[in-house]
K.L.:
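Sending over a structure as structure tokens; questions will come in a sec.
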Amino acid sequence: MLCNAYLLEGAMTGRTLPLGEVAHIVGQSTDPRSPRGGDLLEKALRDEADNLMLLCAQQHMEIDAKAALDVFTVEWLRRVKQEHEDRVRHLTALGPERATTVVRMVGSVHGNAVELSRQTAADAVTAGRRFPLYLESYSRHGVEIDLRHIPGEQAAAAWDAESAAEASRHYYRQATKVIDDVVRNRLRPGIERESVQHLSVFGFARLPLLVYLGSLLDDTVPTQIYQRHRHEQSWVWSTESGPVTEFAAHPVQAGPDRDEAVVVMNISGMIAPSEVPRDLSALRRYEVSPVGTQAGPDILRCRASLQQMEETLRTLLARLEREAKSLRRLHVLPAIPLSAAIALGRAHHPQVHPQLVIYERLAGSYMPTLEVGQVPG
């Protein structure tokens with residue numbers, strides 16, 4: 001209960017084994033050697049369910065250790081037991097239509113990583129009134145895309161522009177292979193068998209890779225994207241009613257009627273016109289930005305704000321499809337939250353929309369690092 005370990009299967013044998021131990025909150029006897037046995041709870045009630053917890057052996061030993069009794073008090077254990085039982089009641093009240101398959105992509109961003117464990121994702125999903133479906137074929141961890149072992153993520157930062165671009169391209173080639181492999185061999189079979197009816201997507205990685213992941217998650221399965229909120233250090237969407245941020249996409253520079261254009265996304269920060277690469281400066285340019293508020297890292301405070309931003313992106317792509325039929329490549333300079341990058345990838349339809357060229361700030365300037373979709377023929 002305390003460590004959330006799975007207590008019905010052996011880690012080494014994989015066999016079904018009863019590994020849980022029954023622990024007493026108030027000690028079974030009043031003997032001084034019985035942990036917390038001096039509590040006033042009647043002896044007849046000490047073997048009742050209200051005074052018992054199911055723990056793994058290590059946690060059982062730790063809560064009963066003499067040196068830890070000041071931490072694991074009767075009040076503390078009762079509160080933890082109550083919170084756990086409330087969570088289980090909540091989960092069991094949800095019908096099968098509330099099940100969701102969790103997809104976690106974990107990487108580094110310029111050498112930094114965050115905690116994005118299975119339990120972190122499960123807590124966020126549960127707060128949204130769904131329960132995580134961990135299929136046996138997913139080893140009870142959902143679908144995990146681990147990019148942390150890929151070398152070269154941080155190497156480009158200290159190099160000159162040309163070397164930085166080449167190092168990033170090599171890193172992205174390796175990372176996209178990992179993403180392709182997991183989606184093709186683990187997620188797609190579940191979708192095709194119809195065992196995956198809903199997706200909950202969590203991502204912490206470089207922005208171009210999040211866009212790429214989103215592009216592989218099409219609209220065939222309902223999908224909920226989660227955002228890491230810096231202020232709370234949490235992945236849980238706020239349930240409080242508050243202002244919903246709206247977004248707009250509008251042209252900011254006319255250009256020749258060519259097969260390329262630029263989109264600058266000023267959502268979590270601002271990209272100045274002077275930062276647009278010189279070889280893109282003459283192209284027609286669009287800007288996506290919030291309405292009535294300033295761009296900032298925590299601008300997507302609620303789920304509805306992300307939905308508004310995704311709708312704005314879909315509207316922009318539909319507009320380009322109507323008005324610029326010769327457009328074949330769209331250069332995207334993103335200053336956006338992580339969830340917005342995944343949403344951008346999902347909004348893009350490779351058979352309909354122009355190829356996306358995702359830029360990243362490297363060695364002090366924006367450079368193309370990853371292409372999403374094919375150039376239309």
Side-chain angles (χ1 to χ4, degrees), residues 1-94 99-100 102 104 106 113-128 130-136 138-144 146 148 200 202 204 228 232-236:
M1 181 185 294
L2 296 179
C3 62
N4 291 298
Y6 189 72
L7 300 177
L8 295 178
E9 181 181 272
M12 293 183 289
T13 64
R15 295 181 178 178
T16 300
L17 301 170
L19 300 176
E21 296 185 359
V22 176
H24 288 77
I25 295 176
V26 174
Q28 189 175 32
S29 76
T30 57
D31 188 290
R33 293 172 296 180
S34 182
R36 296 168 295 276
D39 188 88
L40 297 178
L41 184 68
E42 296 177 34
K43 192 172 186 304
L45 300 177
R46 298 194 178 198
D47 285 330
E48 295 294 319
D50 285 346
N51 191 49
L52 301 177
M53 304 175 73
L54 183 66
L55 303 177
C56 70
Q58 182 176 347
Q59 295 291 340
H60 189 183
M61 184 183 301
E62 186 172 354
I63 72 163
D64 285 352
K66 187 175 182 180
L69 293 178
D70 62 324
V71 175
F72 299 111
T73 63
V74 171
E75 293 75 18
W76 190 88
L77 291 172
R78 282 175 176 164
R79 177 174 58 81
V80 170
K81 174 183 169 69
Q82 184 64 55
E83 290 174 352
H84 178 79
E85 290 177 347
D86 288 345
R87 182 160 63 95
V88 171
R89 288 191 186 97
H90 170 74
L91 289 174
T92 54
L94 300 176
T100 185
V102 174
R104 290 178 298 133
V106 189
V114 299
E115 194 274 335
L116 180 48
S117 65
R118 169 193 169 185
Q119 189 60 49
T120 297
D123 289 344
V125 165
T126 303
R130 287 191 176 272
F131 65 91
L133 177 64
Y134 294 117
L135 303 179
E136 291 295 327
Y138 297 157
S139 303
R140 296 194 177 91
H141 288 274
V143 179
E144 182 182 49
D146 191 350
R148 291 168 293 188
S200 293
F202 298 76
F204 186 89
R228 180 175 180 268
E232 297 89 355
Q233 299 291 297
S234 168
W235 290 84
V236 176

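Here, residue 1 is the first one in the sequence, and each next residue gets the next number.
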K.L.:
Compare all side-chain heavy atoms of I25 with those of M53 and state whether any distance is below 4.5 angstrom.
P.N.:
yes
K.L.:
Do the side chains of I63 and R36 get nearer than 4.5 Å, heavy atoms only?
P.N.:
yes
K.L.:
Run the salt bridge (Lys or Arg N to Asp or Glu O under 4.0 Å) test against D146 and tell me which residues pass, sequence neighbours left out.
P.N.:
R148
K.L.:
Under the side chain to side chain donor-acceptor pair (under 3.5 Å) definition, can you give me all pairs with a residue in residues 37-46, not counting sequence neighbours?
P.N.:
none
K.L.:
What pairs with E21 under side chain to side chain contact (heavy atoms under 4.5 Å, CB included), at least two apart in sequence or on another chain?
P.N.:
A57, H60
K.L.:
Do V102 and V125 come within less than 4.5 Å of each other through their side chains, counting heavy atoms only?
P.N.:
yes
K.L.:
Side chain to side chain contact (heavy atoms under 4.5 Å, CB included) with V22: which residues, sequence neighbours excluded?
P.N.:
L52
K.L.:
For S234, enumerate each residue passing the side chain to side chain contact (heavy atoms under 4.5 Å, CB included) test, keeping only those at least two apart in sequence or located in another chain.
P.N.:
E232, V236
K.L.:
Does D70 have any side chain to side chain contact (heavy atoms under 4.5 Å, CB included) partners at least two apart in sequence or in another chain, and if so, which?
P.N.:
none
K.L.:
I'd like to check E62 versus Q59 (side-chain heavy atoms, cut-off strictly below 4.5 Å). Are they in contact?
P.N.:
yes
K.L.:
Does some side-chain heavy atom of V114 sit less than 4.5 Å from a side-chain heavy atom of F204?
P.N.:
yes
K.L.:
Starting at CG of D123, measure out to CH2 of W235 and round the result to the nearest 0.5 Å.
P.N.:
13.5 Å
K.L.:
Do L41 and N51 pass the side-chain contact (heavy atoms from CB on, under 4.5 Å) test, and can you show the C-alpha distance, the side-chain angles, and the key distance before you say yes or no?
P.N.:
CA-CA 9 Å; L41 184 68; N51 191 49; 3.8 Å; yes
K.L.:
Please check if the side chain of S34 supplies one atom and the backbone of S29 the other of a donor-acceptor pair under 3.5 Å.
P.N.:
yes
K.L.:
Quick one: pull up OG1 in T73 and CZ in R78 and give me the separation to the nearest 0.5 Å.
P.N.:
9.5 Å
K.L.:
Please round to the nearest 0.5 Å and tell me the distance separating atom CG of L116 and atom CZ of R228.
P.N.:
9.5 Å
K.L.:
Would you kindly say whether D47 and H24 are connected by a side-chain donor-acceptor distance under 3.5 Å?
P.N.:
yes
